[in-house]
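Input: a single structure, listed below in structure tokens.
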Amino acid sequence: MTDSTTTPSKSALSAQQLEDFKKKFEERMQFYMVPGAALGIVQNGQVLVSQGFGVRNLATKDPVTPKTLFSLGSMSKSMTALMIATQIDEGLYAWDTPVSEITSQFKFPTQITTQLKVRDLLGMATGIEGAVNPYANIDLGIYGANATLWNDQSAIYTIKNIAFLPCDPNKIGKHNYNNELYASAGYLTPLKNKTSLSQLLPAYKQLMRQKVFDAIGMKSTCITGILSSASRDYATSYGLDMSDGIPKIFEKGSISINFIDGIGPAGQGVSNVEDMNRYLITLLNNGVNPDGERVVKAETLQELWNVEGKESKTSLKDVGITGTTKYGMGWWIEEIKRKSNPAEKITVRHHGGFLPCWACMQMLVPEHNIGMAILTNGCFGRELTMEMNQELLKLLYDFDLDNFMDNEALYKKFVNDLKTTIPQKVSSYAIASDFLDDVEPLLGNYQGGWTLALDQDNRLVLFKDGWIYELYPSKQDSSFIYYVGASNNHRIMKVMTPDPSDPNFDVFETAKIWFVENDEQETIEMFGPQVGHLKKLRNLLDSLEAHSKVLSVLTDKPVETFRNRPELAPRKPRVKKGKKPPKVKDRKIKISKKAIRYLHENMQLD
């Protein structure tokens, strides 16, 4: 079916403007230490830019091409929303259909008294918070490799965990980012069609292929956790290396958490700029693909950008061009004032995707019928994409827009904080093999959804919400360890060492790890390692002696230990005679028969 309905044409950017923009893009890539990126710009249904910059792999020096695949992260949300829009066109359900009329599999927190609708799952304003540990309220000793269980859970786990998520009825109508709730919407059609619960994710992928990717002509785009399975032309992500006190690219590549099957519809898409250009043209053409074929009705598509009655969200760190936005369904909607006439505002639609050391961004400016996609493989890609959004808007509106965020200032503050906090030289921030047994008692899951672990190079890393943070010693205080992850997402970890002479001293209640968010001064107390209702696993955190040894290793400074307190010595795990204790990386999660029976009875697993 063909359809000629498109957005009215606007004057296209000139060839010189595009060349100047690409030159600026390359300059800012170098400034933000981004190894590789791909840039796509479309206007009036035509591709203006489809180009790769830098390298997709530092080891091989292979260049980024327009066909190079990148992890899209949360940019996948807009694609999932588009697929659901096609289902609405087909009459399977409506935006305002109660979820309970589609399937009985969903159960919501008891605090929710209103009937949640399809648009509520995608709109992130239900009062339901995202999961830190989806099983935190199940007192059964179930726990996952990184506390979020994103790497381990299936689609039906994601849906069933919603009932256990924290919920504040007072926040209904206010934005609250929630990957689990969003991802669950992607499974509505399979559930309505009575698809086997174990086949929800494959069914979702098939819908995305049929209704979105094939319909638009996005030949290389897919839903996967392994980029190399989709193409030989794929990017490797790169984090930050501070081992000698100077910020630089960690050339070995970064640990990427892309195996997020349970919440796949919220962030597991991969694509290249060739496909993204076709996607943006389709959106700007009100649902008609570049070949003139209608993918979705214009009025259905417009609902993705409907923010009527929604409150603004202000954040100077995470999202936006000015920092004040509203959330539609898979899109941030931002109104930006003109300097010459503050009463006049222009509307911009955008959404980023940020997995560890991946940063992608898409932006639509309907008034100029223009769209841009940026895909990067560096930890400061977030700043690059945000800044280039602003640069394109400056070009379109002749520097007449007001109140832009200063991304460069945020970046400089972050780097300066690292330089003043991390020692000038860290001989090795990996744990030497001689100390692995001493470190082992600290490893495990912590209150607040944190997990402390060793990576393949024996470096201490922290996990939370699907993100990985690398630990570095601090020169400010021997009891501090500084860690970094995604840009503007750095904190300080402090291992508290209470006075052991205190008669009321209790290792499990006083040995805490605190995390301080620099820009907001938020402190999170963590009684670590735990399962369920703050249960302590004694073989994971038994002594302050272990704390002290870890700090000594990382800081190259002597730290007082508690050798005079034998009762605090690490307890060795019980091992059957003739067998060696399992290494940390070889441990497997065990779930009791009681837990399995509970899941089958209460979560309806097949």
Side-chain angles (χ1 to χ4, degrees), residues 6-7 9-32 34-56 62-72 75 78-79 216-221 231 233-235 270-285 289-291 321 348-353 358-378 381-399 407:
T6 61
T7 302
S9 297
K10 296 289 182 179
S11 297
L13 294 174
S14 70
Q16 187 59 54
Q17 286 176 315
L18 292 172
E19 286 304 313
D20 290 343
F21 186 83
K22 288 190 288 185
K23 182 178 179 181
K24 178 79 170 182
F25 185 80
E26 287 187 280
E27 291 174 354
R28 302 314 285 171
M29 272 183 64
Q30 294 178 20
F31 178 80
Y32 288 119
V34 173
L39 173 66
I41 300 177
V42 300
Q43 189 174 24
N44 300 329
Q46 301 298 315
V47 175
L48 302 185
V49 179
S50 180
Q51 187 171 336
F53 301 83
V55 298
R56 60 183 175 91
D62 291 330
V64 174
T65 75
K67 295 183 180 294
T68 300
L69 290 181
F70 291 78
S71 288
L72 298 181
M75 267 172 52
S78 69
M79 297 175 181
I216 295 175
M218 304 170 70
K219 297 180 181 179
S220 299
T221 305
S231 172
D233 189 351
Y234 67 93
V270 301
S271 189
N272 56 34
V273 289
E274 281 192 351
D275 282 3
M276 288 304 303
N277 281 338
R278 293 187 65 88
Y279 179 64
L280 297 177
I281 288 173
T282 303
L283 298 175
L284 289 167
N285 281 354
N289 74 14
D291 303 319
I321 295 164
V348 177
R349 303 161 181 165
H350 58 82
H351 206 294
W358 296 99
C360 301
M361 176 62 67
Q362 58 187 351
M363 180 177 72
L364 301 174
V365 188
E367 188 175 69
H368 280 267
N369 199 18
I370 195 168
M372 179 170 69
I374 303 174
L375 314 178
T376 82
N377 63 348
R382 181 195 297 259
E383 282 73 18
L384 172 67
T385 61
M386 295 291 187
E387 184 174 314
M388 296 315 296
N389 275 352
Q390 296 172 345
E391 289 298 321
L392 183 59
L393 290 171
K394 290 175 184 178
L395 196 61
L396 293 173
Y397 291 93
D398 196 24
F399 295 83
N407 293 285

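Using a 4.0 Å cut-off between charged side-chain N and carboxylate O, K24 and E27 make no salt bridge. Comment: E26 does not engage K23 in a salt bridge, judged by the lack of any side-chain N to carboxylate O separation of less than 4.0 angstrom.
Within the 4.5 Å cutoff, the side chain of L13 has heavy atoms near those of the I370 side chain. Side-chain contact between L375 and M75: present, with at least one pair of heavy atoms (C-beta onward) separated by less than 4.5 Å. Looking at heavy atoms from C-beta onward, D291 lies in side-chain contact with R278 at the 4.5 angstrom threshold. Using a 4.5 Å cut-off on side-chain heavy atoms (C-beta onward), M372 and L39 make contact. Within the 4.5 Å cutoff, the side chain of V49 has no heavy atoms near those of the N277 side chain. Using a 4.5 Å cut-off on side-chain heavy atoms (C-beta onward), T68 and D233 make contact.
For the residue pair E387 / Y32, a side-chain donor-acceptor distance below 3.5 Å is found, with atom types taken as modelled. Checking E274 against S220 by side-chain atom types alone, no donor-acceptor pair falls below 3.5 Å.
S231 contributes no side-chain N or O that, together with a main-chain N or O of Y234, makes up a donor-acceptor pair within less than 3.5 Å. For the pair Q43 (side chain) and H368 (backbone), a donor-acceptor distance under 3.5 Å is present.
In terms of the side-chain hydrogen bond (donor to acceptor under 3.5 Å, both in side chains) criterion, residue partners of Y397 (sequence neighbours excluded) are, by chain and number, E367.
Nearest approach of M361 to N389, heavy atoms of both residues: CG-ND2, 3.3 Å.
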Please lay out, stage by stage, how V365 and M363 fare under the test side chain to side chain contact (heavy atoms under 4.5 Å, CB included).
-> CA-CA 7 Å; V365 188; M363 180 177 72; 4.1 Å; yes
